[in-house]
Amino acid sequence: MNEQELKEQLQHATQTRLSGLKPDPWLTQRVCNIAQQHVHTKKKISLKGVALIIALILGLCGVAYAVYEGLTADLYGWFYGKDWKKELQAGDQAIMGQHKQLGDVVYTIEEVIYKKDGDFQGLYSTIRIRPAEGSNVVLIPSDTSVYEPAGCQPHLGQSVPVGAPSYAELAKEQGAKIFVARASAKRLVVNGEECLGSFGEFWLPQPDGSLLGAMEINDHVPRAEQYELTLSLSNWEVTLDDEYLREEPNNTWLKEEWKVIVQPTIKEENQ
């Protein structure tokens with residue numbers, strides 16, 4: 001895809017998704033900048049890819065679910081294919097938007113879907129982690145080194161811009177602290193009984209400094225009108241030398257359990 005085709009697809013997609021909202025030049029430029037990076041990668045970008053990029057950027061700006069209610073389906077569909085996306089779109093959906101602050105970090109559970117069709121039926125969700133307002137923090141996923149390029153995903157084929165700073169360089173430039181942040185599913189209770197399903201997650205660093213995560217609980221998870229989900233939240237400081245500060249006398253490790261009630265809209269089989 002050339003630059004002109006990319007612009008045309010972006011224009012069409014944004015007009016479709018953002019009708020009724022006032023134009024935001026900053027947001028438009030942000031979307032174009034992120035999308036343009038994918039033009040130079042080995043992976044060809046499709047309209048689905050453009051829509052996903054828009055969804056991610058909208059989510060970063062905090063308005064995703066006012067105009068876009070399919071981030072979880074798009075995210076898993078992007079990784080696992082169109083059948084997964086369709087199955088998640090047909091699932092029981094709960095728009096959440098609940099927040100929890102732990103130290104200088106805010107955790108938001110955006111959406112939860114019960115996947116009732118196909119393989120690996122169970123709960124799938126999207127979670128966002130961002131610095132708290134007024135904090136000066138650089139966030140990284142738990143499987144990432146401070147020496148890796150900030151906000152980039154080279155393991156997914158994304159090209160790293162020339163001169164892109166590492167997390168350590170970015171923190172030094174901003175006079176900020178670096179924090180590893182994580183949210184993981186710890187317990188799921190359905191109809192009064194704990195489910196011993198299979199728990200998994202993956203995290204994608206975003207250009208605005210937030211972390212976007214996809215969490216799944218499948219295998220032996222029944223379909224229900226309500227789920228009691230307990231998340232394990234944690235964060236800790238890591239030095240510019242990539243050393244975790246999780247032991248005394250410099251222990252910065254914060255941990256907390258967060259219980260949320262998920263009540264999805266049950267979809268009929270023909271919906």
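Sequence positions, counted from 1, serve as the residue numbers for this chain.
No side-chain heavy atom of Cys152 sits under 4.5 Å from any side-chain heavy atom of Pro207. Counting heavy atoms from C-beta outward, Ile127 and Thr108 have side chains that stay 4.5 Å or more apart. Between Lys259 and Arg187 the shortest side-chain heavy-atom distance does not fall below 4.5 Å. At a threshold of 4.5 Å between non-hydrogen side-chain atoms, the residues Trp84 and Tyr124 count as touching. Contact of the Ser232 side chain with the Ser184 side chain is registered, since non-hydrogen atoms from C-beta on lie closer than 4.5 Å. Here the side chains of Trp78 and Lys85 are not in contact, with every heavy-atom distance at 4.5 Å or above. With contacts defined as side-chain heavy-atom distances shorter than 4.5 Å, the pair Gln98/Ile109 qualifies. Within the 4.5 Å cutoff, no side-chain heavy atoms of Val180 are placed close to those of Asn235.
Between atom CZ of residue Arg128 and atom OH of residue Tyr107 there is a gap of 14.5 Å, rounded to the nearest 0.5 Å. Atom CD1 of Ile266 and atom CD of Gln226 lie 11.0 Å apart (nearest 0.5 Å). In this structure, Leu71 CG and Leu212 CG are separated by 5.5 Å, a value rounded to the nearest 0.5 Å. Atom OG of Ser142 sits about 7.0 Å away from atom CD of Glu201, to the nearest 0.5 Å. Atoms CD and CG, from Glu237 and Leu245 in turn, are 5.0 Å apart once rounded to the nearest 0.5 Å. With rounding to the nearest 0.5 Å, the separation of OG1 in Thr144 from CG in Leu139 is 11.0 Å.
Residue Leu196 is not grouped with residue Val189 when hydrophobic side chains (ILVMFWY) are merged at heavy-atom distances under 4.5 angstrom, including chains of intermediate members. Tracing side-chain contacts under 4.5 Å through hydrophobic residues (I, L, V, M, F, W, Y), one never reaches Leu204 starting from Val106; they form parts of separate clusters. One hydrophobic cluster holds both Leu211 and Val105 under the rule that ILVMFWY side chains link at heavy-atom gaps under 4.5 Å. At a threshold of 4.5 Å between side-chain heavy atoms, the hydrophobic network of Ile, Leu, Val, Met, Phe, Trp and Tyr places Trp236 and Val137 in two separate groups. Both Leu229 and Met96 are members of a single hydrophobic cluster when ILVMFWY side chains are connected at heavy-atom separations under 4.5 Å.
Among all heavy-atom pairs drawn from Met215 and Leu231, the shortest one is SD-CD2, 3.6 Å. Gln89 and Ala73 make their closest contact through CG-CB, 3.8 Å (heavy atoms, listed as atom of the first residue, atom of the second, distance). Of all heavy-atom pairs between Asn136 and Ala176, the closest is OD1-CB, 3.1 Å. Minimum heavy-atom separation, Gly122 to Val221: CA-CB, 4.1 Å. Closest approach of Leu240 to Ala168, counting heavy atoms only: CD2-O, 3.6 Å. In this structure, Tyr167 and Pro141 approach most closely via the heavy-atom pair OH-CD, 4.4 Å.
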*With side chain to side chain contact (heavy atoms under 4.5 Å, CB included) as the test, would you mind laying out the steps for His99 and Arg130 before giving the verdict?*
CA-CA 11 Å; His99 309 279; Arg130 58 180 173 80; 4.2 Å; yes
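Seen from the ring of Trp258, Lys186 does not count as a face-on cation partner, given the 6.0 Å and 45° thresholds.
Exactly one residue among Arg223, Lys267, Gln263 makes a side-chain hydrogen bond (donor to acceptor under 3.5 Å, both in side chains) with Asp92. That residue is Arg223. Put simply, the residue from Val260, Leu188, Ile217 that forms a side chain to side chain contact (heavy atoms under 4.5 Å, CB included) with Tyr227 is Leu188.
The closest side-chain donor-acceptor pair between Asn218 and Glu216 falls under 3.5 angstrom. Side-chain polar atoms of Asp241 and Thr239 form no donor-acceptor pair below 3.5 angstrom. Side-chain contact check for Glu111 and Thr72: at least one donor-acceptor pair (N or O, by modelled atom type) lies under 3.5 Å.
Between the side chain of Lys115 and the backbone N or O of Asp117, at least one donor-acceptor pair lies under 3.5 Å. Checking side-chain atoms of Glu169 against main-chain N and O of Ser166 turns up a donor-acceptor pair under 3.5 Å. Formation of a donor-acceptor pair under 3.5 Å by the Glu148 side chain with backbone atoms of Ser145 is found in this model. Under the 3.5 Å distance criterion, the side-chain polar atoms of Ser198 are left unmatched by any main-chain donor or acceptor of Asp219.
For Phe202 and Tyr76, the gap between ring centers is short of 6.0 Å. For Phe179 and Trp253, the ring centers are positioned 6.0 Å apart or more.
Within a 6.0 Å radius of OH in Tyr244, more than 12 heavy atoms belonging to other residues, nucleotides or ligands are found. At most 12 non-hydrogen atoms from other residues, nucleotides or ligands lie less than 6.0 angstrom from CD of Glu225.
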